[in-house]
Amino acid sequence: MGDLSMDRLALKIRIFFLHWLHCRSRSSSLPLVKHFSYKDIKRATGGFGRLIDSSSHGAVYRASFQNGQVSFQVKEVKNLDDQDDDMFFNEVQLLWRLHHRHIVSLVGFSSGPERFLLFENVENGSLKEHLSDPLKSPLNWRTRLQIAIGIAAALEYLHFFCDPPIYHVTLSSSTVFLDEDFNAKLSDIRLLSPVRSKTKIPKPSCSAVCVDETCKKLIFQLGVLIPELITGQSSEDGGSELVKWVQESRFRKSIYRVLDPDLGDDYDSQELGGLLRVARLCVNSINKPTVKTPQILRYVQNKIRVNEDDIH
């Protein structure tokens, strides 16, 4: 019986050692991505006490290294089995390849029993904070318009300029961050579906991309976020009230009653109406996919001018 127990212990040690070697070999294949140990992460997050946000995908912490001179956001990676090292390292590689001014950049990772991704810290916090926190500086109209343009540009990049295209994005005021110049940066981007899948997503053509259900849902989220950007009202519960308002046939007549008071009279009425028409296109696309991400970006960039025929 004693020999059998020793054999089992030796087998467990061998499996653990092989697993450790595999992780080291995979992490060494990512020479440009900085690797942090679990101890590094724990120390930098104050024993995981500097919590920023928490969701089903994992917690997000603020981390400070080198006596607080360098700050990062640390995201816990969940929804992967213990044996899914290959999937995790593939995600690290693909996230490292994302380079866009409106997407938060990956700067490092931590592998092992507990996995973490480290992203650049974005100085001005989330869009939600600026829309809901009275202590934050109010956002003027031009800044809000540039935020809408930046979000649309990031979605176009993820859908059309990444291989494979990326659809697993949670788009809300909580996941859009603002840098020191108040440029929008998407932060919640996942290359792996929360549901484990071995199926490779084919690269879609421009004409078919929005037929995909996940793409339609993402465009719908953009349609919910735009009214929040304009009204300052929260869309945390799915934005049902904002969606109903945008879908009303006479919503233009009530625009000025729901504008964010922080805007005052500092806005362009034509741009305001155009931006809301874009929102209507987006929320209607969930049932009738007639709009694509490049179209949304062009609409916003071209002084938000959309033909009336496009909203029916």
What's the spacing between [X] [atom1] and [Y] [atom2] if we round to 0.5 Å?
X: L145; Y: L229; atom1: CG; atom2: CG; value: 8.5 Å
X: I189; Y: L94; atom1: CD1; atom2: CG; value: 12.0 Å
X: D181; Y: Q146; atom1: CG; atom2: CD; value: 11.5 Å
X: L218; Y: C282; atom1: CG; atom2: SG; value: 9.5 Å
X: Q221; Y: K216; atom1: CD; atom2: NZ; value: 14.0 Å
X: R277; Y: L272; atom1: CZ; atom2: CG; value: 9.5 Å

Are the charged groups of [X] and [Y] less than 4.0 angstrom apart, N to O?
X: K128; Y: D133; answer: no
X: K185; Y: E120; answer: yes
X: E271; Y: R142; answer: yes
X: K42; Y: E114; answer: no

Check: [Y] and [X] side chains under 4.5 Å, non-hydrogen atoms:
X: L225; Y: L127; result: yes
X: D260; Y: R144; result: yes
X: L118; Y: I41; result: yes
X: R101; Y: N183; result: yes
X: I230; Y: L276; result: yes
X: V104; Y: V122; result: yes

Please check: side-chain N/O of [X] versus main-chain N/O of [Y], any donor-acceptor pairing under 3.5 Å?
X: N124; Y: D179; result: yes
X: H102; Y: I151; result: no
X: T143; Y: L139; result: no
X: R62; Y: N121; result: no
X: K75; Y: S187; result: yes

Minimal non-hydrogen separation, [X] against [Y], with atom names:
X: L98; Y: C162; value: CD2-SG, 3.5 Å
X: W96; Y: V107; value: CZ3-CA, 4.3 Å
X: F161; Y: E156; value: CD1-O, 3.8 Å
X: S126; Y: S173; value: CB-O, 3.8 Å
X: L186; Y: A154; value: CD1-CB, 3.7 Å

With hydrophobic residues grouped by side-chain heavy-atom distances under 4.5 Å, do F109 and I52 end up in a single group?
no

Can you get from V169 to V60 by hopping between Ile, Leu, Val, Met, Phe, Trp and Tyr side chains that sit under 4.5 Å apart?
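Per the 4.5 Å side-chain linkage, V169 and V60 are not co-clustered.
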
Can we call the ring centroids of Y38 and F48 under 6.0 Å apart?
yes

Are F116 and F88 an aromatic pair by the rule of ring centers under 6.0 Å?
no

Check whether F36 forms a cation-pi arrangement with K34 (NZ or CZ under 6.0 Å from the six-membered ring centre, at most 45° off the ring normal).
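Yes, K34 sits over the ring of F36.
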
Could you please spell out the steps behind the ring-ring contact (aromatic ring centres under 6.0 Å, His included) verdict for H130 and F182?
CA-CA 10 Å; H130 284 272; F182 290 92; 5.5 Å; yes

Using the rule given for side-chain hydrogen bond (donor to acceptor under 3.5 Å, both in side chains), can you reason through D188 versus T175, listing the C-alpha separation, both sets of side-chain angles and the distance that settles it, and then say yes or no?
CA-CA 6 Å; D188 192 359; T175 61; 5.7 Å; no

Under a plain distance cut-off of 3.5 Å, with no hydrogens placed, do H35 and S110 share a side-chain donor-acceptor pair?
no

After noting the C-alpha distance and the side-chain angles of L171 and L155, does the key distance pass the side chain to side chain contact (heavy atoms under 4.5 Å, CB included) rule?
CA-CA 10 Å; L171 183 56; L155 293 181; 4.1 Å; yes

Tested for ring pair (Phe, Tyr, Trp, His ring centres under 6.0 Å) against F72, the lone hit among Y61, F119, F65 is F65

Can E91 and R115 be said to form a salt bridge (charged side-chain N to carboxylate O under 4.0 Å, His left out), step by step?
CA-CA 12 Å; E91 174 138 351; R115 305 178 178 97; over 6 Å; no

